[in-house]
Chemist: 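Quick one: this structure, given as structure tokens, is what I'll be asking you about.
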Amino acid sequence: MNYPKIGIRPTIDGRWGGVRESLEKQTMNMAYSAARLLEENLVYPDGTPVKCIISDSTIGGGLEAAKCAEKFSKKGVCATLTVTPCWCYGSETMDMDPLTVKAVWGFNGTERPGAVYLAAVMAAHAQKGLPAFSIYGKDVQDLEDTEIPEDVQEKILRFGRCAIAVGLMKNRAYVNLGSVSMGIMGSFCDPAFLQKYFGIRAEWVDLTEILRRIDKGIYDHKEYDKALAWIRENCKEGYDPNPEDVRHSKEEKAKEWEFIAKMTLIVKDIFYGNPVLDEMGFHEEAMGRNAILGGFQGQRMWTDWLPNGDFTEAILNSSFDWNGKKEPTILATENDTLNGMAMLFGKLLTGTASVFADVRTYWSPEAVERVTGRKPEGLAQNGFIHLINSGAAALDGAGLARDEAGKALIKQWWKITGEDIKNLTAATDWCPANLGYFRGGGFSSHFKTQNEMPVTLIRINLVQGVGPVLQVAEGHTVTLDDETHRILDERTDRTWPTTWFVPRLGTKGFEDVYSVMANWGANHGAFSYGHIGKDLITLASMLRIPVSLHNVDDRDIYRPHSFAAFGTKDLEGADYRACQAYGPLYK
């Protein structure tokens, strides 16, 4: 895996003859402490601890800054954290690379003016058009204090977590399997958008490539046997919604499972490559497409004829398959590129599976009572939104993984246990596809989210004249009594995966649940475990994407220091103006 690094830059007062020498130890200790904090608390999406690179020396001027930059360029550094307890020469010591994400921690101490340097170098960053995050503790520390205050830790870790996400996306690919699904604008992959904002290359693979590989046997045959055996043992078939006279026969369904198992292996190989294919003589196919995510067109040209991609999407997006636990692969339903990017944001920030969904229906309390005769209670009492994908969602969304204390959650994939896999698999049945929608057959993942969990609903939209904007809604999954769930669920499609979602209310745009539904920018959204809105806002600011809707407290918003120059009373407006002025990260 490509591991982007965080570079630590210890800057120092360059005056030799007593001043600089007296500060060397304290300055380097700050660098070591920051690196230790990051490496002990942050991980890459495969669970490996984040790696930091520290400058070979303190940086007192332009020559040492250049040497540090040269080292970082060879080590895969995507972001820099400059640390100092003292005054330094701002424009001479700052990171001048326009492609690294930047932060500066100025020690809050009275003996030396670290805060003065921080203010001066923030001004230099603003004047040079290089946004940087300011890190400064609330409380004065003593000179010999080596502890990192809690508020400083929070900012360093949020900066690091989001900056690593930026680095992980660069020079990877979004693989379009097919093209546009049913005229959905999110499926119109915009290669300039992916390149300029994320450093991601757009690639297209015609769906006939899947058929070619099936026909020519270009897949790992041993793994296929293993996958098919696992499917037969663990993927129980559910309710068949089709009239008996048009239902596919048992033999036809068995053939569909064989096709689907091969397709799933092939999609994974297209994304990542497979050394087994090289051994088989398929050298080009063995290389893969360097994907970090992709999407599957499916409807309609494929699904009018062939088994749908629901199993492939669901199992690749999940934290496990026939080989046990594994890193989720982001594969967007209907090739919705924008929702795929939202899913990727969630995965990179949390290490957990992202769940793709239609933002399908707002259920008011009055409508629920009219239809079911029951008033919703608890978290659901003010109404809720029905999140339901048309057949595919990561099985983690059932909410049946548990931590050591028995708390239900969506786990980081490397923490998934055999018991979790057993429970999530048992909670999912695979309903034969509704042949009115999917004429070629296939099987839809069907489950309901069975526990109340904190989640964040995410969406990226493209707006003419503005560019990309991000929407964020923190809230909870909610559970309904069985009868209420059944009545409401079956009004849509009883063969699809369902999550009932309630956003946290009380802020502008979140006056009630209806307002959130009314302001949502598209028919799709993706949810990730936890309340990660503040991280998403920080990440968006690094990428110069304004946030058009969120319910995060203003006190938790952390953006580059120069964004304040665009206004402080209207943070949303300032965000838009700053992102427009700076433009995308990769111009």
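What you see below is based on every heavy atom in this structure, not just the backbone, and it leaves out hydrogens, waters and symmetry mates. All values derive from a computational prediction rather than experimental measurement.
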Chemist: With side chains defined as the heavy atoms from C-beta onward, is the minimum distance between Asp336 and Thr333 less than 4.5 Å?
Modeler: no

Chemist: Evaluate the side chain to side chain donor-acceptor pair (under 3.5 Å) criterion for residues Asn339 and Arg459: first the C-alpha distance (whole Å), next the side-chain angles of each, then the deciding distance (0.1 Å), finally the verdict.
Modeler: CA-CA 6 Å; Asn339 217 49; Arg459 174 70 191 184; 3.3 Å; yes

Chemist: Please examine the side chains of His550 and Ile537, heavy atoms only from C-beta on, and report whether any two atoms are closer than 4.5 Å.
Modeler: yes

Chemist: Say whether, by atom type as modelled, one donor and one acceptor occur between the side chain of Gln127 and the main chain of Ala124 under 3.5 angstrom.
Modeler: no

Chemist: Holding to salt bridge (charged side-chain N to carboxylate O under 4.0 Å, His left out), I want the full list of residues that pass it with Lys411, two or more places apart in sequence or in another chain.
Modeler: Asp420

Chemist: Residues two or more places apart in sequence or in another chain: which of them pass salt bridge (charged side-chain N to carboxylate O under 4.0 Å, His left out) with Lys74?
Modeler: Glu70

Chemist: With a 6.0 Å cut-off on the ring centroids, do Tyr174 and Phe198 count as close?
Modeler: no

Chemist: Would you mind reporting whether Leu331 and Met343 have side-chain heavy atoms less than 4.5 Å apart?
Modeler: no

Chemist: Give the C-alpha distance, both sets of side-chain angles, the deciding distance and a yes or no for side chain to side chain contact (heavy atoms under 4.5 Å, CB included) between Ile292 and Phe271.
Modeler: CA-CA 8 Å; Ile292 191 170; Phe271 274 31; over 6 Å; no

Chemist: Rounded to the nearest 0.5 Å, how far apart are CG of Leu349 and SG of Cys162?
Modeler: 5.5 Å

Chemist: Throw together a table of side-chain donor-acceptor distances under 3.5 angstrom for residues 578-587, partners on residues two or more places apart or in other chains.
Modeler:
| residue | atom | partner | partner atom | Å |
| --- | --- | --- | --- | --- |
| Tyr582 | OH | Ser562 | OG | 2.7 |
| Lys587 | NZ | Tyr582 | O | 2.6 |
| Lys587 | NZ | Pro584 | O | 3.4 |

Chemist: Answer whether the closest heavy-atom distance between the side chains of Glu39 and Ile6 falls below 4.5 Å.
Modeler: no

Chemist: Quick check for you: to the nearest 0.5 Å, what is the distance between Ser528 atom OG and Lys347 atom NZ?
Modeler: 11.0 Å

Chemist: So which heavy atom on Asp575 is nearest to which on Pro546, and how close?
Modeler: OD2-CA, 3.2 Å

Chemist: Under the criterion side chain to side chain contact (heavy atoms under 4.5 Å, CB included), which of Val175, Leu348, Leu344 is the partner of Leu293?
Modeler: Leu344

Chemist: Report the distance from atom NE2 of His476 to atom CZ of Arg504, rounding to the nearest 0.5 Å.
Modeler: 8.5 Å

Chemist: Compute the ring centroids of His524 and Phe356, then answer whether they are less than 6.0 Å apart.
Modeler: yes

Chemist: My understanding is that only one of Thr93, Ile12, Asp13 makes a side chain to side chain contact (heavy atoms under 4.5 Å, CB included) with Tyr117; could you say which?
Modeler: Thr93

Chemist: For atom CZ of Arg201, decide whether the heavy atoms of other residues, nucleotides or ligands shown that lie under 6.0 angstrom number more than 12.
Modeler: no

Chemist: Is Leu395 close to Phe320 at the side-chain level, that is, under 4.5 Å between some pair of heavy atoms?
Modeler: yes

Chemist: Would you name the heavy atoms of Val152 and Ile148 that are closest together and state the gap between them?
Modeler: CG1-CG2, 3.6 Å

Chemist: Assert yes or no for the condition that the ring centre distance of Phe501 to Phe527 is strictly below 6.0 Å.
Modeler: no

Chemist: Does Glu511, at its CD atom, have more than 12 non-hydrogen atoms belonging to other residues, nucleotides or ligands within less than 6.0 Å?
Modeler: yes

Chemist: Do the side chains of Asp269 and Arg289 get close enough for a salt bridge, i.e. N-O under 4.0 angstrom?
Modeler: no

Chemist: Please name all residues satisfying salt bridge (charged side-chain N to carboxylate O under 4.0 Å, His left out) with Asp556, sequence neighbours left out, ordered by chain then number.
Modeler: none

Chemist: Determine, for Lys67 against Asp56, whether the closest basic-nitrogen to carboxylate-oxygen distance falls under 4.0 angstrom.
Modeler: no

Chemist: Quick one: salt bridge (charged side-chain N to carboxylate O under 4.0 Å, His left out) partners of Lys534, sequence neighbours excluded?
Modeler: Glu154

Chemist: With a 3.5 Å cut-off and no angle check, do the side chains of Arg20 and Thr58 form a donor-acceptor pair?
Modeler: yes

Chemist: Any side-chain donor paired with an acceptor under 3.5 Å for Gln412 and Thr350?
Modeler: no

Chemist: To the nearest 0.5 Å, how far apart are CG in Asn551 and CG in Leu457?
Modeler: 10.0 Å

Chemist: For residues Pro454 and His531, report the shortest heavy-atom separation together with the two atoms involved.
Modeler: CB-NE2, 3.7 Å

Chemist: For Ala394, what residues pass the side-chain contact (heavy atoms from CB on, under 4.5 Å) criterion, not counting sequence neighbours?
Modeler: Asn317, Ser318, Ala353, Val355, Asp396

Chemist: Could you check whether any side-chain heavy atom of Tyr197 comes within less than 4.5 Å of a side-chain heavy atom of Ile545, counting everything from C-beta outward?
Modeler: yes

Chemist: Any idea which heavy atoms bring Ser548 and Val469 closest together, and the distance?
Modeler: OG-CG2, 3.9 Å

Chemist: Check the pair Asp190, Thr337 against side chain to side chain contact (heavy atoms under 4.5 Å, CB included), reporting the backbone distance first and the verdict last.
Modeler: CA-CA 8 Å; Asp190 183 339; Thr337 312; over 6 Å; no

Chemist: Would you say the side-chain atoms of Tyr529 and Thr456 include a donor-acceptor pair closer than 3.5 Å?
Modeler: no

Chemist: Looking at SG of Cys189 and CG of Asn176, how far apart are the two atoms once the value is rounded to the nearest 0.5 Å?
Modeler: 4.0 Å

Chemist: What closest approach, in Å, do His561 and Ser134 show between heavy atoms, and which atom pair accounts for it?
Modeler: CD2-CB, 3.7 Å

Chemist: Does the side chain to side chain contact (heavy atoms under 4.5 Å, CB included) test come out yes or no for Val502 and Thr477, once each step is laid out?
Modeler: CA-CA 6 Å; Val502 173; Thr477 62; over 6 Å; no

Chemist: Test the Lys51-Tyr3 pair against the cation-pi criterion, namely NZ or CZ under 6.0 angstrom from the six-membered ring centroid and within 45° of the ring axis.
Modeler: yes

Chemist: Any donor-acceptor pair under 3.5 Å linking the side chain of Trp413 with the backbone of Pro45?
Modeler: yes

Chemist: From Tyr44 OH over to Leu168 CG, what is the distance, rounded to the nearest 0.5 angstrom?
Modeler: 7.5 Å

Chemist: Other residues, nucleotides and ligands only: do more than 12 of their heavy atoms fall within 6.0 Å of NZ on Lys196?
Modeler: no

Chemist: For Ile458 and Gln471, run side chain to side chain contact (heavy atoms under 4.5 Å, CB included): C-alpha distance rounded to whole Å, both residues' side-chain angles, the deciding distance at 0.1 Å, then the answer.
Modeler: CA-CA 6 Å; Ile458 313 165; Gln471 294 185 306; over 6 Å; no

Chemist: If I compare all heavy atoms of Ile200 with all of Ala173, which pair ends up nearest, and what's the gap?
Modeler: CG2-C, 3.8 Å

Chemist: Is the shortest side-chain heavy-atom distance between Val101 and Phe159 below 4.5 Å?
Modeler: yes

Chemist: Name the one of Thr11, Thr82, Thr100 that satisfies side chain to side chain donor-acceptor pair (under 3.5 Å) with Asp95?
Modeler: Thr100

Chemist: Quick check on Met28: does its CE atom have over 12 non-hydrogen neighbours (other residues, nucleotides or ligands) under 6.0 Å away?
Modeler: yes

Chemist: Any side-chain heavy-atom pair from Val472 and Leu549 closer than 4.5 angstrom?
Modeler: no

Chemist: Flag the pair Arg402 and Glu419 as a salt bridge only when some basic side-chain nitrogen lies within less than 4.0 angstrom of an acidic carboxylate oxygen.
Modeler: no

